[in-house]
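Scroll down for the structure; my scribbles are underneath it.
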Amino acid sequence: MFLGKTELKLPEQYRGYVIIKEENIDVDKDGRDERVAIISNMQEKYSSGDTKSIMIKKSGKLLEISGYGSELQWQQIGDFNNNGKIDIATLYGYSGSAGFGQLYLYEWSGKDFNLLLSKTDVENTAEFKDLDNDGIKELIYNFKQIKWDREEHEIYKWNNGKMELVLN
């Protein structure tokens, strides 16, 4: 565990970024926390800025976790499929005149985060909910094909450690 609360210093490549959310979590299950943070330069760059998720390892090394988006809608961290590995889901939105948002779902591999799912759609939302009461939450993803179209839904379920589309 990190001793005391110290100010997280971002490397020079992230000058102009600010930390908008930070969480300490033991990603590699060794008893010591890593820092997971959402950083953004949207306030400085305005329409051309971005927001991204990073992890500061105990060694001080920085690891970018997710692709980038505009403003942060939400981020959830946990073991969503109950396989003992940390997962990070991040929903960014909305950019462009159509309101495109990005959803990223990553899982810790032991030394890096592997991308499990990436979606970019108009006016998208997402939530985790245990629909079949099996103790594992499914991902419910809502989106539109075009801005004025009807909302569509996809449900992703964990099956033998892999995420697959079960309803659309």
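Just so it is clear, the structure is predicted and the values come from calculations on it, not from any experiment.
For the residue pair Leu103 and Asn124, the shortest heavy atom distance occurs at N-ND2, 4.3 Å. Residues Asn83 and Asn81 come closest through the heavy atom pair OD1-OD1, 2.9 Å. The nearest pair of heavy atoms linking Ile20 to Ser40 is CD1-CB, 4.3 Å. The minimum heavy-atom distance between Ile19 and Ala37, with the atom names listed, is CG2-CB, 4.2 Å. The two residues Asp33 and Asp26 have their closest heavy-atom pair at OD1-N, 3.3 Å.
Phe128 places a side-chain heavy atom less than 4.5 Å from the side chain of Leu105. Side-chain contact between Lys157 and Asp132 is present, with at least one heavy-atom pair separated by less than 4.5 Å. Inter-residue side-chain proximity for Ile140 and Leu131 is flagged as met; some heavy-atom pair is nearer than 4.5 Å. With a 4.5 Å cut-off on side-chain heavy atoms, Met163 and Phe80 do not count as touching. Between Leu116 and Trp158, some side-chain heavy-atom pair lies under the 4.5 Å cut-off. Looking at heavy atoms from C-beta onward, Ile65 lies out of side-chain contact with Thr90 at the 4.5 angstrom threshold. Side-chain contact check for Ile39 versus Lys52: some heavy-atom pair is nearer than 4.5 Å. At a threshold of 4.5 Å between non-hydrogen side-chain atoms, the residues Val166 and Asn159 do not count as touching.
Atoms CD and CZ, on Gln145 and Arg150 in that order, are 8.5 Å from each other to the nearest 0.5 Å. Within the model, atoms CZ of Arg35 and CD of Glu23 stand 12.5 Å from one another, a figure rounded to the nearest 0.5 Å. Separation of atoms CE (Met55) and CG (Asp28) is listed at 7.0 Å; rounding is to 0.5 Å. Taking CD of Glu107 as the reference point, atom CZ of Phe113 lies at 9.5 Å (rounded to 0.5 Å). For the atom pair CG of Leu117 and CG of Leu139, the computed distance is 6.5 Å after rounding to the nearest 0.5 Å. Once rounded to the nearest 0.5 Å, the distance linking CD of Glu138 with NZ of Lys129 reads 10.5 Å.
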Quiz prompt | side-chain contact (heavy atoms from CB on, under 4.5 Å) between Tyr92 and Ser53, intermediate numbers included | solution = CA-CA 10 Å; Tyr92 300 108; Ser53 187; 3.8 Å; yes

Exercise. Check step by step if side-chain contact (heavy atoms from CB on, under 4.5 Å) holds for Thr125 and Trp74.
Key: CA-CA 10 Å; Thr125 63; Trp74 58 257; over 6 Å; no

Exercise. Could you please spell out the steps behind the side-chain contact (heavy atoms from CB on, under 4.5 Å) verdict for Tyr141 and Asp121?
Key: CA-CA 10 Å; Tyr141 181 72; Asp121 288 294; 2.7 Å; yes

Practice problem: Evaluate the side-chain contact (heavy atoms from CB on, under 4.5 Å) criterion for residues Thr51 and Ile38: first the C-alpha distance (whole Å), next the side-chain angles of each, then the deciding distance (0.1 Å), finally the verdict. | Solution: CA-CA 7 Å; Thr51 303; Ile38 301 286; 3.4 Å; yes

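Thr120 and Gln102 share no donor-acceptor pair across their side chains, judged by distance under 3.5 Å alone. No hydrogens or angles considered: nothing links the side chains of Tyr106 and Asp112 as a donor-acceptor pair under 3.5 Å. For the residue pair Tyr156 / Glu154, a side-chain donor-acceptor distance below 3.5 Å is found, with atom types taken as modelled.
For the pair Asp79 (side chain) and Ile86 (backbone), a donor-acceptor distance under 3.5 Å is absent. For the pair Asn41 (side chain) and Gly16 (backbone), a donor-acceptor distance under 3.5 Å is absent.
For Asn114, there are no side-chain hydrogen bond (donor to acceptor under 3.5 Å, both in side chains) partners at least two apart in sequence or on another chain.
Using a cut-off of 4.0 Å between Lys/Arg side-chain N and Asp/Glu carboxylate O, Asp87 and Lys137 are scored as not salt-bridged.
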